[in-house]
Amino acid sequence: MKPVPSKKGTTKQPNSFQAELEKGDEALRTSDLRKAQGHYTKVAQQANAADSVKELAAALQGSARVLDLMGHYGQAIMTYHEALKCFLQIGEKPGIARAKGFLGISSWATGDYSEAGRLFAEALFLYEEARDLRGQAWVHDQIGNLKLAMRDDLEAEKSYYKSHELMEGIGADEEVKAWEFYHRATVELFREHFLQAKAYFEEALKSFQKRPDLLGKVAVRIHLGEIACARKDLVAAQDHLQKAVVEVLPTGCKPLLMDALVGVSQLLKAQGLERKAIGILMVALSHPTCRQQTKDRMVSLVIHLESRFTSQEVQGGFQWAKEVSIEQMAKAWVDSLAPAPKDKKRK
């Protein structure tokens, strides 16, 4: 997950809440989303009963982040707004800025790019007012993501570079370096500079492995799989995508699972399995947890695959894929790659 600005300057929560919040934050860092949600829910219930607004705000924001990563965007947005109300009530500007930034991320995921831009601008203003360089860098990264989703790679590149400049001034850790490489790679991938994108993604993967970031690793592997497909290296593509699916399935992060399945559909197309490819692709893109940017990137592939079949055949493939859950679909694909058991020799 991308690094978020610290909570420096806020008062420490009471011990009865602090330990549970820290457990939730640690589970979130290690991509154990369901466990994190359990800790945040417990704190929210206790803080609400104790009328502890500050602790309630922290728990709600953590809970909303989990919901967002699981693809429950509507619930995430409502929960972020509840957290924002709490932060406004106690006048905690860093919390207000973070809540607005996170709300912007949810708006970006659902394709409400105008709202995302407004929220990022408000968050950036608050961080600039507080002279919080890490917070500013975080928002510039989100603005870069937004600009790239809007197909403005030049503005995206400027935002990513601005974030890089800010973090250089305060010292970048391994996680920050990983996302810097990742963002450079996404710009080059957008421009179809596959070799340069591949080199940057590989550097990002090295950094993510030094500071374990499972979801970051999965995102990189998906893109490396897509690049390998584009370069007709189907062995490498299958290896990257298989690892991505195996790693993301236990986390419950459905938006990344959708991205992985979109990658699998590209591989299946390259392997000549177009009927399976369109079935998986249509289900993944129509799933409510699929990000708008992913849908937009796959328009040309959908058009190509649909042109290969009659409308009845397309609907047939779609119906086939709908009969199983996306998790079952992903697992079935992974299982299909396992080598067939060798026949035992007769005695």
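Please read all numbers here as calculations on a predicted model, not as lab measurements.
- Residues Q271 and Q238 form a side-chain contact, since some pair of their non-hydrogen atoms from C-beta on lies under 4.5 Å apart.
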For K162 and Q136, what are the C-alpha separation, side-chain angles and deciding distance, and is it a side chain to side chain contact (heavy atoms under 4.5 Å, CB included)? CA-CA 9 Å; K162 182 63 177 175; Q136 292 173 48; 5.9 Å; no

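- Counting heavy atoms from C-beta outward, T289 and M70 have side chains that stay 4.5 Å or more apart.
- Inter-residue side-chain proximity for L21 and Y40 is flagged as met; some heavy-atom pair is nearer than 4.5 Å.
- Surrounding NZ of K198 are at most 12 heavy atoms belonging to other residues, nucleotides or ligands under 6.0 Å away.
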Intermediate values then yes/no, salt bridge (charged side-chain N to carboxylate O under 4.0 Å, His left out), E327 and K254: CA-CA 9 Å; E327 291 86 358; K254 289 188 179 180; 3.5 Å; yes

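- Counting non-hydrogen atoms of other residues, nucleotides and ligands closer than 6.0 Å to OH of Y161 gives a total of 12 or fewer.
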I would like to know whether E180 and K177 meet salt bridge (charged side-chain N to carboxylate O under 4.0 Å, His left out); could you show each step before the answer? CA-CA 5 Å; E180 284 179 1; K177 291 176 184 176; over 6 Å; no

Please step through side chain to side chain contact (heavy atoms under 4.5 Å, CB included) for the pair H164 and R184, ending with a clear verdict. CA-CA 11 Å; H164 170 73; R184 291 182 195 176; 4.1 Å; yes

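- A salt bridge links K206 with E203: at least one charged nitrogen is closer than 4.0 Å to a carboxylate oxygen.
- Taking every heavy atom of both residues into account, W333 and L268 meet most closely at NE1-CD2, 4.3 Å.
- Applying the salt bridge (Lys or Arg N to Asp or Glu O under 4.0 Å) test to D152 and every residue at least two apart in sequence or in another chain returns nothing.
- Using a 4.5 Å heavy-atom cutoff, the side chains of D68 and Y80 are in contact.
- Judged as a ring pair (Phe, Tyr, Trp, His ring centres under 6.0 Å), and not counting sequence neighbours, the contacts of F201 are Y182, H223.
- By the ring pair (Phe, Tyr, Trp, His ring centres under 6.0 Å) test, H39 is found to be paired with no residue, residues two or more places apart in sequence or in another chain being considered.
- When every heavy atom of A156 is checked against every heavy atom of G144, the shortest pair comes out as CB-O, 3.4 Å.
- Side-chain contact between L256 and T251 is absent, with no heavy atoms from C-beta onward closer than 4.5 Å.
- Remark: side-chain polar atoms of S63 are not paired, donor with acceptor, to backbone N or O of L60 under 3.5 angstrom.
- The hydrophobic cluster containing F181, built from Ile/Leu/Val/Met/Phe/Trp/Tyr side-chain heavy atoms closer than 4.5 Å, also comprises Y200.
- With sequence neighbours excluded, the residues that form a side-chain contact (heavy atoms from CB on, under 4.5 Å) with R191 are D153, L154, E157, V187, E188, H193.
- R34 places a side-chain N or O within 3.5 Å of a backbone atom of P250 that can act as its donor or acceptor partner.
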Run the salt bridge (charged side-chain N to carboxylate O under 4.0 Å, His left out) check on R118 and E115 step by step: do they pass? CA-CA 5 Å; R118 182 186 70 80; E115 178 69 359; 2.6 Å; yes

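- Salt bridge R29/E26: present, at least one basic N to carboxylate O contact under 4.0 Å.
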Apply side chain to side chain contact (heavy atoms under 4.5 Å, CB included) to the pair I77 and L103, showing each step before the final yes or no. CA-CA 6 Å; I77 288 170; L103 275 166; 3.9 Å; yes

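- Once rounded to the nearest 0.5 Å, the distance linking CG of L224 with SG of C229 reads 11.5 Å.
- With no hydrogens or angles considered, no side-chain donor-acceptor pair links Q292 and T110 at under 3.5 Å.
- Here the closest non-hydrogen pair linking G225 and L241 is CA-CG, 4.1 Å.
- When every heavy atom of F17 is checked against every heavy atom of A47, the shortest pair comes out as CE2-N, 3.5 Å.
- In this structure the side chain of R231 reaches within 4.5 angstrom of the side chain of L195, judged on heavy atoms.
- Looking only at side-chain heavy atoms (C-beta outward), R291 and Y73 come within less than 4.5 Å of each other.
- A284 and C290 get closest at one heavy-atom pair: O-CB, 3.3 Å.
- Using modelled atom types, one side-chain atom of Y160 and one backbone atom of N145 make a donor-acceptor pair closer than 3.5 Å.
- Remark: the backbone N or O of A277 is not paired with any side-chain donor or acceptor of S265 at under 3.5 angstrom.
- Applying the side-chain contact (heavy atoms from CB on, under 4.5 Å) criterion to D233, with sequence neighbours excluded, gives A228, V235, A236.
- R151 is listed as a side-chain neighbour of F190, based on a closest heavy-atom distance under 4.5 Å.
- A salt bridge between D239 and K243 is present, with a side-chain N of the basic residue lying under 4.0 Å from a carboxylate O of the acidic one.
- Taking each heavy atom of V220 and A204 in turn, the nearest pair found is CG2-CB, 4.1 Å.
- Ring to ring, W138 and F102 are close: their centroids are under 6.0 angstrom apart.
- For NZ of K42, the number of neighbouring non-hydrogen atoms (other residues, nucleotides, ligands) closer than 6.0 Å is 12 at most.
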What do the steps show when you test N48 against Q45 for side chain to side chain contact (heavy atoms under 4.5 Å, CB included), and what is the final call? CA-CA 5 Å; N48 192 44; Q45 291 172 342; 5.9 Å; no

